[in-house]
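What you see is a predicted model, and the numbers here were worked out from it, not measured in a lab.
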Amino acid sequence: MDPDSPFNHSVKAQAFAGKRDWSKAESSARAALALDGDFDMAENLLTQSLQFQNKLEEGESSVNKMLADNPQNFMAHYNAGWAAMRRHDSKKAELHFRESLRLDPDFDPSRDGLLESFRGRSRLYRIYLRYIFWVQRFSEKSKWLLIIGIYLGFKFGSAILELIHPVLAALLTVTYILLVFGTWLAPSVGNLLIYADSSARMALKRGDRLKAIFGGAGFLVGLALIAAGFALPNLDELFTIGLALGAAAIPASMTFDNGSKAGRWLFGGLFVGTYVMGILSLVFPSVEGLLLVAAVGCLFSTWLGNVESLRCERPK
């Protein structure tokens, strides 16, 4: 009805961004800017769509233009922060996210970006971010194809490597486990590292701290107890506690900052249920099978975590 409205084209770009169709989001944002070259909403969406498509140089130019036009624009600093994160410059990203929060203290995405810049101080976490930035370029449907492809590649590859040498198959299995579980546990461990920093921990909310404790610390302590249970004879209780802590860390990482009510109930129930099964297994060893069932459920939650309706709040 109104094809000459930059706002309408920007809303269309926002809709495509919500579907993670970044090329169409870029086209719509450019259409809006062709009508009004200084339309803030379109500039923000263009910058984001360029970054998600890994067009870093164009995205950098767009960010610099936004900052030059209006250095007091909190969204410009927010986008500049993520541009710096994609260049693996967490220190510069931290400065931009801090400035964005100074300009608008209620803009939670900037606080989330600031936390990412704190986590980005860790080299291992930066490796994880590279993987996340790469995955973000895909649509939701493509992500599922990628997940299934990685799983099938692992099964096929492990079968081939088993014929060559069992050690090679074992190394591939460890790599696959780290890839799958690390995707969910890395933010929790990152929160734990922030919690250990007396100044950075001020950016953590209650949910972030609980995620650090039950997700990050729970996983690391659980892993240590599982290793101790294997190494020390006649201490099966350590393995039981470690299994409960380590397995429950996965759904715990998807509970406390989850925007979906259904997701919070599902993953939170699985997290608490695994703890309960762990305690019951210590008191009544005959129910250890239930703990194993709960642990398998925790592993399966990595697949459920890819269902967007279980991770994000539904639009009202």
Side-chain angles (χ1 to χ4, degrees), residues 1-90 92-114 116-117 129-130 132-146 259 308 311-316:
M1 293 188 299
D2 189 3
D4 296 324
S5 166
F7 176 75
N8 291 347
H9 285 284
S10 296
V11 170
K12 188 176 181 180
Q14 192 170 45
F16 282 128
K19 296 177 66 176
R20 291 172 174 78
D21 192 339
W22 300 112
S23 62
K24 291 183 179 179
E26 177 189 350
S27 299
S28 295
R30 290 190 185 279
L33 289 171
L35 296 166
D36 184 349
D38 297 320
F39 199 65
D40 285 348
M41 182 180 180
E43 285 186 327
N44 288 322
L45 287 164
L46 175 62
T47 301
Q48 291 173 20
S49 64
L50 290 171
Q51 290 181 357
F52 277 110
Q53 293 177 88
N54 207 35
K55 298 180 179 179
L56 299 185
E57 291 185 6
E58 292 181 74
E60 189 78 17
S61 298
S62 181
V63 165
N64 291 337
K65 179 182 181 301
M66 291 174 64
L67 289 172
D69 291 344
N70 186 1
Q72 300 301 309
N73 183 342
F74 71 96
M75 278 298 297
H77 285 283
Y78 170 74
N79 284 317
W82 278 112
M85 289 297 291
R86 282 179 163 80
R87 294 195 312 272
H88 317 298
D89 189 348
S90 57
K92 189 170 183 179
E94 181 181 334
L95 293 176
H96 281 295
F97 287 131
R98 285 183 184 275
E99 181 63 10
S100 180
L101 281 171
R102 185 188 70 80
L103 295 168
D104 187 348
D106 297 323
F107 189 57
D108 275 346
S110 289
R111 188 193 68 85
D112 295 335
L114 183 61
E116 286 296 295
S117 69
L129 279 179
R130 290 190 182 194
I132 292 300
F133 289 148
W134 177 70
V135 170
Q136 283 178 340
R137 297 164 61 182
F138 298 95
S139 65
E140 284 303 307
K141 188 179 294 184
S142 298
K143 283 181 183 178
W144 276 104
L145 293 175
L146 176 66
E308 191 170 8
R311 296 285 293 148
C312 303
E313 184 179 6
R314 295 184 65 182
K316 296 180 180 179

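Remark: side-chain polar atoms of S110 are not paired, donor with acceptor, to backbone N or O of F97 under 3.5 angstrom. A donor-acceptor distance shorter than 3.5 angstrom exists from the side chain of H77 to the backbone of P71, with no hydrogens or angles considered.
Evaluation of the side chain to side chain donor-acceptor pair (under 3.5 Å) rule for D108 yields K205 as partners, not counting sequence neighbours. For R30, the salt bridge (charged side-chain N to carboxylate O under 4.0 Å, His left out) criterion is met by E26, E58, not counting sequence neighbours.
The heavy-atom pair separating K92 from D89 by the smallest distance is N-OD1, 3.2 Å. Contact detail for P105 and R102: the closest heavy-atom pair is CD-O, 4.1 Å. Closest heavy-atom contact between A17 and A25: N-CB, 3.9 Å. Taking every heavy atom of both residues into account, L67 and A80 meet most closely at CD1-CB, 4.0 Å.
For the pair M66 and N44, the minimum side-chain heavy-atom distance is below 4.5 Å. For the pair V63 and Q51, the minimum side-chain heavy-atom distance is below 4.5 Å. When side chains are defined from C-beta on, L50 does not count as touching E60, because their heavy atoms never get closer than 4.5 Å.
Each of R111, E94, M85 was checked for a side-chain contact (heavy atoms from CB on, under 4.5 Å) with E116, and the lone residue meeting it is M85.
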Verify side chain to side chain contact (heavy atoms under 4.5 Å, CB included) between F107 and M75, making sure each step is shown before the conclusion.
CA-CA 9 Å; F107 189 57; M75 278 298 297; 3.4 Å; yes
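The distance from atom CD of E43 to atom CG of N73, rounded to the nearest 0.5 Å, is 8.0 Å.
Pairs engaging residues 12-49 under the ring pair (Phe, Tyr, Trp, His ring centres under 6.0 Å) rule: W22-F52 [sequence neighbours left out].
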